[in-house]
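Step one of this worksheet: look at the structure below.
Start at 1 with the first residue, then count along the sequence.
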Amino acid sequence: MNKNYKKYSYSVTNDSSQPAAQAMLHAIGLNRKELDQPFIGIASTGYEGNPCNMHLNDLAKDIKTSIKKENLTPLIFNTIGVSDGISMGTAGMRYSLPSRDIIADSMETVVGGMSYDGLVTVVGCDKNMPGALMAMLRLDRPSILVYGGTIASGKYNGKKLDVVSAFEAWGQKVAGKIDQKEFQCVIENACPGAGACGGMYTANTMASAIEAMGFCLPNNSSTPAVSNGKFDDVHRIGNSMKYLIENNIKPSDIISRTSLENAMTLITVLGGSTNAVLHLLAIAHTAGISFSLDDFQMISNKTPYLADLKPSGKHLMEDLHHVGGTAAVLKYLLDLKMIDGSSLTVTGKSLAENLKDYPGLTKEQNILHSIDSPIKESGHIRILKGNLAKDGAVAKITGKEGVFFRGRARVFNSEVEANNGIKKGEVKKGEVVVIRYEGPKGGPGMPEMLKPTAAIMGAGLGNDVALITDGRFSGGTHGFVVGHISPEAQVGGTIALVENGDIIAIDAEKNTINLELNESELESRMKLWKAPELKVKKGSLYKYAKCVTSASYGCVTDKN
């Protein structure tokens with residue numbers, strides 16, 4: 001194959017001054033022909049401990065077979081993952097968001113260090129997707145992202161279940177609404193096998209966003225993990241990878257402000273996770289594209305919320321797949337001129353060209369509302385600012401929760417305190433639950449607050465209280481919630497100064513969040529405030545706390 005196709009590996013495999021490298025490559029079983037071919041790294045986030053990732057190593061092997069058929073030399077390597085669903089509500093959740101950057105660092109390290117010419121990333125859980133895409137952008141070599149797919153729905157007592165059903169069952173049990181036997185039945189039936197959490201939670205949100213950006217093949221994001229379609233899905237990779245190598249199409253040719261706007265538009269239409277704000281900010285930063293919280297609000301203002309998907313709706317990603325999948329939704333948006341179809345994708349074609357041959361949504365579908373009868377006329381993701389969040393906060397308001405909340409603060413200095421308080425019945429109707437010192441530095445790691453929000457919903461308080469935090473939320477969270485409050489408590493943000501009984505007002509139409517205290521009172525409290533010591537003194541979380549930026553910048557770790 002042409003030397004130009006071996007832009008990086010040639011120096012290792014064909015330079016006569018590198019005999020040891022070639023000897024070691026022969027030792028792993030490669031012949032001379034395979035050394036003369038472009039090297040493609042296959043980065044799998046597969047591991048046994050999480051249903052989202054348990055099948056990815058097998059998919060990586062299928063992808064290897066597909067690539068090998070195209071006279072390319074595929075080499076599988078692995079990286080880490082942290083299950084949000086398993087770590088949720090524990091100290092382990094602190095490692096979840098940092099894992100995004102560790103994944104990016106490790107993929108970049110292997111591909112750069114081993115001189116691979118291209119990269120295929122095989123990903124499943126929440127932080128896998130943005131971490132993999134950040135690595136692809138840093139390396140800027142022909143690359144494709146492959147999503148492992150959504151889980152099938154669980155079933156119990158005639159109802160569809162998913163992982164959030166288990167969290168909310170805990171709240172119902174605590175509130176005395178179900179007994180231990182029913183609680184156990186929900187747990188045992190919620191997650192039937194391989195695949196990422198089934199609603200429009202963070203994994204499916206980010207997979208959909210990445211398809212809209214053009215970094216995976218059409219409908220890859222909605223094809224279920226356990227399906228014949230997923231086998232066909234991954235066997236498309238070899239031919240596509242060969243095309244990218246031969247035409248030197250790189251991530252920098254695909255990423256653009258337009259592709260980011262397409263992603264955010266799709267997320268808004270689908271009712272996706274607030275975590276997408278963090279991740280798209282980080283992706284934009286990695287790509288060197290100016291994109292801010294204000295851009296999210298601009299898109300949300302003009303984009304309706306259309307999809308009846310969990311957590312706020314009733315359908316799952318597998319249901320969307322059965323009525324046409326992500327590609328059909330993108331086609332619908334393209335026909336309405338809500339997205340720009342000119343962006344290049346990993347097929348070598350534009351987004352519009354990819355969608356041309358795909359069927360639209362089935363006529364009988366009832367998941368995506370029409371543009372004429374939206375669930376909400378503007379987006380569910382709201383960027384709030386005010387004296388409580390001078391650098392911004394992110395709310396997820398679908399309209400079902402209302403758009404305004406004013407109440408007295410009930411303050412907790414950690415998620416654990418909040419969970420205990422909810423369990424003891426300390427939270428009352430009409431209150432604003434404040435969970436602080438859980439931000440990027442204060443957590444550290446900005447853990448998700450699904451356990452307290454699920455407990456609030458399960459206890460029947462979902463329509464009667466609001467919850468705000470400098471931490472973040474799972475894509476499975478619903479209710480009147482505001483996260484990503486910046487500056488965070490650890491660095492002296494106003495959220496650190498809130499006291500029990502203070503009045504907090506949240507307006508999701510005016511996009512404001514304010515603590516109803518005058519400046520002189522805030523200044524007086526600030527003089528008395530002292531930053532607590534970091535919760536960790538060594539290791540990866542300590543390093544993360546020392547270098548991570550604010551949530552308003554995407555919690556990146558490589559910003560000057």
If you apply the rule side chain to side chain donor-acceptor pair (under 3.5 Å), what do you find for His285 with Asp558, and how did you get there? CA-CA 9 Å; His285 165 75; Asp558 61 348; 2.9 Å; yes
Less than 4.5 Å apart, any side-chain heavy atom of Phe167 and any of Ser474? no
Measure from the side-chain N and O atoms of His26 to the backbone N and O of Leu30, and report whether any donor-acceptor pair falls under 3.5 Å. yes
Counting N and O atoms only, with roles assigned by atom type, does the side chain of Asn31 sit under 3.5 Å from a partner on the main chain of Glu34, one being a donor and the other an acceptor? yes
Roughly how far apart are Lys451 NZ and Glu168 CD, rounded to 0.5 Å? 14.5 Å
Using modelled atom types and a 3.5 Å cut-off, is there a donor and acceptor pairing between side-chain atoms of Arg257 and backbone atoms of Ile289? no
Check against side chain to side chain contact (heavy atoms under 4.5 Å, CB included), Asp84 and Met93: CA-CA 7 Å; Asp84 287 20; Met93 189 65 201; 3.9 Å; yes
Can a donor-acceptor pair be found, under 3.5 Å and without considering hydrogens, that links the side chain of Asp233 to the backbone of Gly229? no
Short question: side chain of Asn204, backbone of Gly199 - any donor-acceptor pair under 3.5 Å? yes
Got Ile283 and Ile255 here, is their nearest side-chain heavy-atom distance under 4.5 Å? yes
Kindly indicate, with the supporting measurements, whether the criterion salt bridge (Lys or Arg N to Asp or Glu O under 4.0 Å) is fulfilled by Lys159 and Glu182. CA-CA 13 Å; Lys159 286 171 130 183; Glu182 187 168 357; over 6 Å; no
If you count every heavy atom of other residues, nucleotides or ligands that lies below 6.0 Å from Met114 atom CE, does the total exceed 12? no
Evaluation steps, side chain to side chain donor-acceptor pair (under 3.5 Å), between Asp62 and Thr65: CA-CA 5 Å; Asp62 288 337; Thr65 299; 5.3 Å; no
Ring centers of Phe291, Phe296 separated by less than 6.0 Å: yes
Distance, nearest 0.5 Å, that separates OG of Ser256 from CG of Leu344: 9.5 Å
If you apply the rule side chain to side chain contact (heavy atoms under 4.5 Å, CB included), what do you find for Leu260 with Asp295, and how did you get there? CA-CA 10 Å; Leu260 285 164; Asp295 292 307; over 6 Å; no
Just one of Pro447, Ser96, Cys555 clears the side chain to side chain contact (heavy atoms under 4.5 Å, CB included) bar with Arg472, so which one? Ser96
Has Asp15 got a side-chain atom pairing as donor or acceptor with Ser17's backbone, closer than 3.5 angstrom? yes
Answer yes or no: is there a side-chain heavy-atom contact under 4.5 Å between Leu217 and Val346? yes
Heavy-atom count around Lys250 NZ within 6.0 Å, excluding the residue itself: above 12? yes
Residues Lys33, Asp36; criterion salt bridge (Lys or Arg N to Asp or Glu O under 4.0 Å); working and verdict: CA-CA 5 Å; Lys33 176 178 177 291; Asp36 287 339; over 6 Å; no
Which heavy atom in Ser221 sits nearest to a heavy atom in Glu211, and how many Å separate them? OG-OE1, 2.7 Å
Gln365 side-chain N/O to Ile367 backbone N/O, donor-acceptor pair under 3.5 Å: yes
Quick one, Leu139 and Tyr116 - any side-chain contact, counting heavy atoms below 4.5 Å? no
Distance col, row Leu137:CG vs Met134:CE, nearest 0.5 angstrom, shows 9.0 Å
Could Lys6 and Phe39 be counted as a cation-pi pair, given that NZ or CZ must be under 6.0 Å from the ring centre and within 45° of the axis? yes
Are side-chain heavy atoms of Thr73 and Leu35 found at a separation under 4.5 Å? no
Side chain to side chain, Ser540 and Tyr95, heavy atoms closer than 4.5 Å: yes
Between Asn57 and Asn78, is a side chain to side chain donor-acceptor pair (under 3.5 Å) present by the stated rule, with each step listed? CA-CA 8 Å; Asn57 288 337; Asn78 286 80; 3.0 Å; yes
Do other residues, nucleotides or ligands put more than 12 heavy atoms under 6.0 Å from the NZ atom of Lys160? yes
Please check this pair: side chain of Lys331 against backbone of Gly360, looking for a donor-acceptor N/O pair closer than 3.5 Å. no
What do the steps show when you test Arg141 against Leu119 for side chain to side chain contact (heavy atoms under 4.5 Å, CB included), and what is the final call? CA-CA 7 Å; Arg141 305 176 191 192; Leu119 173 64; 6.0 Å; no
I want to check something: taking the side chain as every heavy atom from C-beta on, are Cys125 and Tyr47 in contact at a cut-off of under 4.5 Å? no
Test item: Asn220 and Lys230 side chains (from C-beta on) under 4.5 Å apart, heavy atoms: yes
Is there a donor-acceptor pair closer than 3.5 Å between any side-chain N or O of His322 and the backbone N or O of Glu318? yes
Over 12 foreign heavy atoms within 6.0 Å of CG, Asn228: no
Decide side chain to side chain donor-acceptor pair (under 3.5 Å) for Ser273 and Thr205; before the verdict, give the C-alpha distance in whole Å, the side-chain angles of both, and the deciding distance to 0.1 Å. CA-CA 6 Å; Ser273 166; Thr205 295; 5.1 Å; no
Out of Met213, Met107, Arg138, which residue meets the side chain to side chain contact (heavy atoms under 4.5 Å, CB included) rule with Leu133? Met213
Nearest 0.5 Å please: distance from the CG atom of Leu541 over to the NZ atom of Lys546. 14.0 Å
Are any side-chain N or O atoms of Thr121 and backbone N or O atoms of Ala43, one a donor and one an acceptor, separated by less than 3.5 Å? no
Might you work through the side chain to side chain contact (heavy atoms under 4.5 Å, CB included) test for Val548 and Lys441, ending with a clear yes or no? CA-CA 7 Å; Val548 68; Lys441 292 181 181 293; 3.9 Å; yes
Here's one to test your reading of the geometry: is the NZ or CZ of Lys396 within 45 degrees of the ring axis of Phe473 and under 6.0 Å from its centre? no
